[in-house]
Amino acid sequence: LFFGKIVENKGIEYLIDAANKLWKTYPSKFVVKINGNCQSWSSYDQLIIERDAFEINIGPVPNERVADLFCESHYIILPYKDITQSGPLMLAYNYGIPAIASNLPGFLEHIRDKEHGYLFETENANSLYNILCEVIKNHSSNYLTMKESLIAYVRENYSDEKINKEYSKMLLNI
């Protein structure tokens with residue numbers, strides 16, 4: 001799943017390139033869902049060669065559809081060129097969905113590579129392609145373990161109790 005506003009810094013062209021190539025290796029073994037608003041979708045749409053590899057919904061995503069999108073997906077894919085914050089990553093974590101993301105500092109602090117997600121070289125479609133191949137080859141043996149690891153990580157780091165404790169610590173130090 002690629003979810004959210006589609007703008008230049010989100011690197012969706014790398015995902016499209018990797019998925020086109022992946023379809024030649026693993027036809028009918030995956031679908032890349034692209035959901036979100038985009039002002040210039042035609043420039044990305046022309047990059048799509050393997051139409052069957054994609055399920056595309058360009059436009060606003062109704063709130064009542066968000067949970068279904070995440071729960072129907074195995075991974076969130078974040079091929080960003082740069083990052084400040086990532087709402088889609090935290091949404092995915094809320095639903096126990098592992099991430100496949102660029103190895104940017106903002107993702108490195110939240111994703112443990114091959115433990116509860118995957119990291120690939122930023123702005124490198126071949127690196128993303130290699131990770132996607134690994135994901136498909138090892139899905140049946142790795143996916144449930146990865147989800148369990150992610151759920152434990154989220155509980156440890158983002159639970160209400162953890163956040164309250166961190167806020168209290170911060171307020172005591174003011």
Side-chain angles (χ1 to χ4, degrees), residues 1-7 9-12 14-15 18-19 22 29-37 55 57 60-124 127-174:
L1 173 65
F2 180 98
F3 177 84
K5 192 171 184 178
I6 301 167
V7 291
N9 75 308
K10 300 268 181 101
I12 196 167
Y14 302 109
L15 173 57
L22 190 66
K29 297 285 185 187
F30 70 95
V31 170
V32 172
K33 295 179 182 184
I34 298 174
N35 288 264
N37 270 329
E55 182 181 296
N57 293 296
V61 178
N63 286 338
E64 59 273 6
R65 181 74 180 110
V66 173
D68 289 339
L69 275 174
F70 280 87
C71 292
E72 294 166 358
S73 301
H74 288 99
Y75 295 91
I76 184 84
I77 302 182
L78 307 163
Y80 295 10
K81 298 175 189 179
D82 62 57
I83 180 176
T84 52
Q85 296 178 6
S86 178
L89 177 64
M90 291 300 117
L91 273 171
Y93 279 12
N94 180 62
Y95 292 105
I97 307 301
I100 300 170
S102 303
N103 61 352
L104 295 165
F107 290 137
L108 290 170
E109 63 191 68
H110 298 287
I111 301 169
R112 293 187 186 141
D113 191 32
K114 296 182 177 53
E115 188 177 321
H116 62 253
Y118 294 93
L119 296 164
F120 64 91
E121 187 179 326
T122 304
E123 298 185 51
N124 186 328
S127 179
L128 175 54
Y129 165 80
N130 290 333
I131 290 295
L132 293 173
C133 285
E134 181 179 336
V135 166
I136 289 172
K137 281 190 273 191
N138 299 314
H139 179 77
S140 62
S141 60
N142 289 352
Y143 186 69
L144 289 179
T145 303
M146 184 168 280
K147 277 188 71 86
E148 289 169 1
S149 176
L150 174 62
I151 290 165
Y153 173 82
V154 168
R155 191 175 30 247
E156 267 177 43
N157 294 280
Y158 304 111
S159 68
D160 290 343
E161 182 182 328
K162 174 71 174 179
I163 291 168
N164 288 336
K165 195 180 289 184
E166 293 299 317
Y167 270 123
S168 296
K169 199 176 353 175
M170 179 189 70
L171 292 171
L172 289 172
N173 290 324
I174 292 179

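Looking only at distances, no side-chain donor or acceptor of Y153 sits under 3.5 Å from a matching main-chain atom of E115. Formation of a donor-acceptor pair under 3.5 Å by the S149 side chain with backbone atoms of T145 is not found in this model.
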Step-by-step side-chain contact (heavy atoms from CB on, under 4.5 Å) determination, C133 to L22
CA-CA 7 Å; C133 285; L22 190 66; 3.6 Å; yes

side-chain contact (heavy atoms from CB on, under 4.5 Å) between Y75 and M146, worked out:
CA-CA 11 Å; Y75 295 91; M146 184 168 280; 4.0 Å; yes

For Y158 and M90: C-alpha separation, side-chain torsions, deciding distance, then whether side-chain contact (heavy atoms from CB on, under 4.5 Å) applies.
CA-CA 9 Å; Y158 304 111; M90 291 300 117; 4.1 Å; yes

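Separating the NZ atom in K81 from the CD1 atom in I12 is a distance of 11.0 Å, to the nearest 0.5 Å. For the atom pair OH of Y80 and CZ of F2, the computed distance is 5.5 Å after rounding to the nearest 0.5 Å. Taken from CD in E121 to CD1 in I131, the straight-line distance is 11.0 Å, to the nearest 0.5 Å. Distance CG/N142 to OH/Y118: 4.5 Å, rounded to 0.5 Å. Distance check: E64 CD to L69 CG gives 11.0 Å after rounding to the nearest 0.5 Å. In this structure, H74 NE2 and L1 CG are separated by 12.0 Å, a value rounded to the nearest 0.5 Å.
Taking 4.5 Å as the limit, some side-chain heavy atom of I77 sits within range of a side-chain heavy atom of L132. Side-chain contact check for H139 versus K29: every heavy-atom pair is 4.5 Å or farther apart. You'll find the side chain of I111 reaches within 4.5 Å of the side chain of L89, heavy atoms only.
Across all their heavy atoms, L119 and F107 have their closest contact at CD2-CB, 4.3 Å. Here the closest heavy-atom approach between residue S73 and residue I97 is recorded as O-CD1, 3.4 Å. Taking both residues in full, the closest heavy atoms of G117 and P98 are given as CA-CB, 4.4 Å, listed atom of the first, atom of the second, then distance. Between L128 and L15, the shortest heavy-atom distance links the atoms CD2-CA, 3.7 Å. The two residues P79 and S102 come nearest to each other via the heavy atoms C-OG, 3.1 Å. Nearest heavy atoms, I6 versus G36: CD1-O, 4.0 Å.
Taking 4.0 Å as the cut-off between side-chain N and carboxylate O, R155 and E161 do not count as a salt-bridged pair.
The number of heavy atoms from other shown groups lying within 6.0 Å of CG (N63) does not exceed 12.
Qualifying ring-ring contact (aromatic ring centres under 6.0 Å, His included) partners for Y95, counting only residues two or more places apart in sequence or in other chains: F70.
Note: Y129 and F120 fail the aromatic proximity criterion, with ring centroids not under 6.0 Å apart.
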